[in-house]
Amino acid sequence: QVQLVESGGGLVQAGGSLRLSCAASGSIFSINAMGWYRQAPGKQRELVATLSSGDNTNYADSVKGRFTISRDNAKNTVYLQMNSLKREDTAVYYCNARIQRYSWSSVEFNYWGQGTQVTVSS
């Protein structure tokens, strides 16, 4: 079994910063990609940022220049540094990981964290 545990959400004023963390644990051979998605009330879940095992990053246009995704491979952890936060960044943020669980199989499994609330006040 694999678990993704997020932390770091909370309430912050506009212009402030937060750092989200997501640690993967369990039966893991390799993590091929990790990323962050968010879902605001009444809206669909959307991509925020992703980071591949080859260190290729992808950001939503709305967060480019303000958010930075990074990972610690030794800890199986991905981070999202969020600066210059805006009210429209308010959402539940979900960690996602594509994981190869076994050395003898290249099959990837897709996992989600439970979500962490980020609220930006004006």
Please examine the side chains of Leu80 and Thr68, heavy atoms only from C-beta on, and report whether any two atoms are closer than 4.5 Å.
no

Closest heavy-atom pair and its distance - Ala14, Ser122:
CB-CA, 4.4 Å

Find out whether Thr50 and Met34 are in side-chain contact, i.e. whether some heavy atom of one side chain is under 4.5 Å from a heavy atom of the other.
no

Let me confirm one number: the CD-CD distance from Glu6 to Gln114, rounded to the nearest 0.5 Å.
4.5 Å

Is there a side-chain contact between Val63 and Arg38 (heavy atoms, below 4.5 Å)?
yes

dist Leu11:CG -> Gln13:CD (nearest 0.5 Å) comes out at 8.0 Å

How far does CD of Gln1 sit from OG of Ser25, to the nearest 0.5 angstrom?
9.5 Å

Evaluate the criterion salt bridge (charged side-chain N to carboxylate O under 4.0 Å, His left out) for residue pair Lys86 and Asp89; output intermediate values, then yes/no.
CA-CA 5 Å; Lys86 304 176 181 179; Asp89 295 318; over 6 Å; no

Does Gln117 have more than 12 heavy atoms from other residues, nucleotides or ligands lying within 6.0 Å of its CD?
yes

Closest heavy-atom pair, Ala49 versus Leu47, reported as atoms and distance to 0.1 Å, is N-CD2, 3.8 Å

On the six-membered ring of Tyr94, is Arg45 placed so that its NZ or CZ lies under 6.0 angstrom from the centre and within 45° of the ring axis?
yes

Given Tyr79 and Asp72, is the side-chain contact (heavy atoms from CB on, under 4.5 Å) satisfied, shown in steps?
CA-CA 8 Å; Tyr79 305 97; Asp72 184 333; 4.0 Å; yes

I need the minimum non-hydrogen distance between Gln81 and Ser17, along with the two atoms involved.
NE2-CB, 4.0 Å

Is the backbone N or O of Asn32 less than 3.5 Å from a side-chain atom of Ser30, with the two atoms forming a donor-acceptor pair by type?
no

So if you build clusters from Ile, Leu, Val, Met, Phe, Trp, Tyr with side-chain heavy-atom gaps below 4.5 Å, do Val12 and Val92 land together?
no

For the residue pair Phe109 and Tyr102, categorise the inter-ring angle as parallel (less than 30°), tilted (30 to 60°) or perpendicular (more than 60°).
perpendicular

Any donor-acceptor pair under 3.5 Å from Arg87 side chain to Ser121 backbone
no

Looking at Arg71 and Asp55, does any basic side-chain N land under 4.0 Å from a carboxylate oxygen?
no

Looking at side-chain heavy atoms only, is the closest gap between Arg101 and Phe29 below 4.5 Å?
no

Do Leu18 and Val118 touch side chain to side chain, with heavy atoms closer than 4.5 Å?
yes

Do the side chains of Tyr59 and Val48 get nearer than 4.5 Å, heavy atoms only?
no

With a 4.5 Å cut-off on side-chain heavy atoms, are Thr116 and Leu20 touching?
yes

Contact between Asn110 and Asn96 at the side-chain level, heavy atoms closer than 4.5 Å - yes or no?
yes

Return the CE to CH2 distance between Met82 and Trp36, rounded to the nearest 0.5 Å.
8.0 Å

Answer yes if Tyr37 and Val120 sit in the same cluster of Ile, Leu, Val, Met, Phe, Trp and Tyr residues linked by side chain heavy atoms under 4.5 Å apart, and no otherwise.
no

Look up atom CG in Asn73 and atom CD1 in Ile31, then write down how far apart they are to the nearest 0.5 Å.
7.5 Å

Using a 6.0 Å cut-off, check whether atom CD of Glu88 has over 12 heavy atoms from anything other than its own residue.
yes

Separation between CG (Leu4) and SG (Cys22), nearest 0.5 Å, reads 4.5 Å

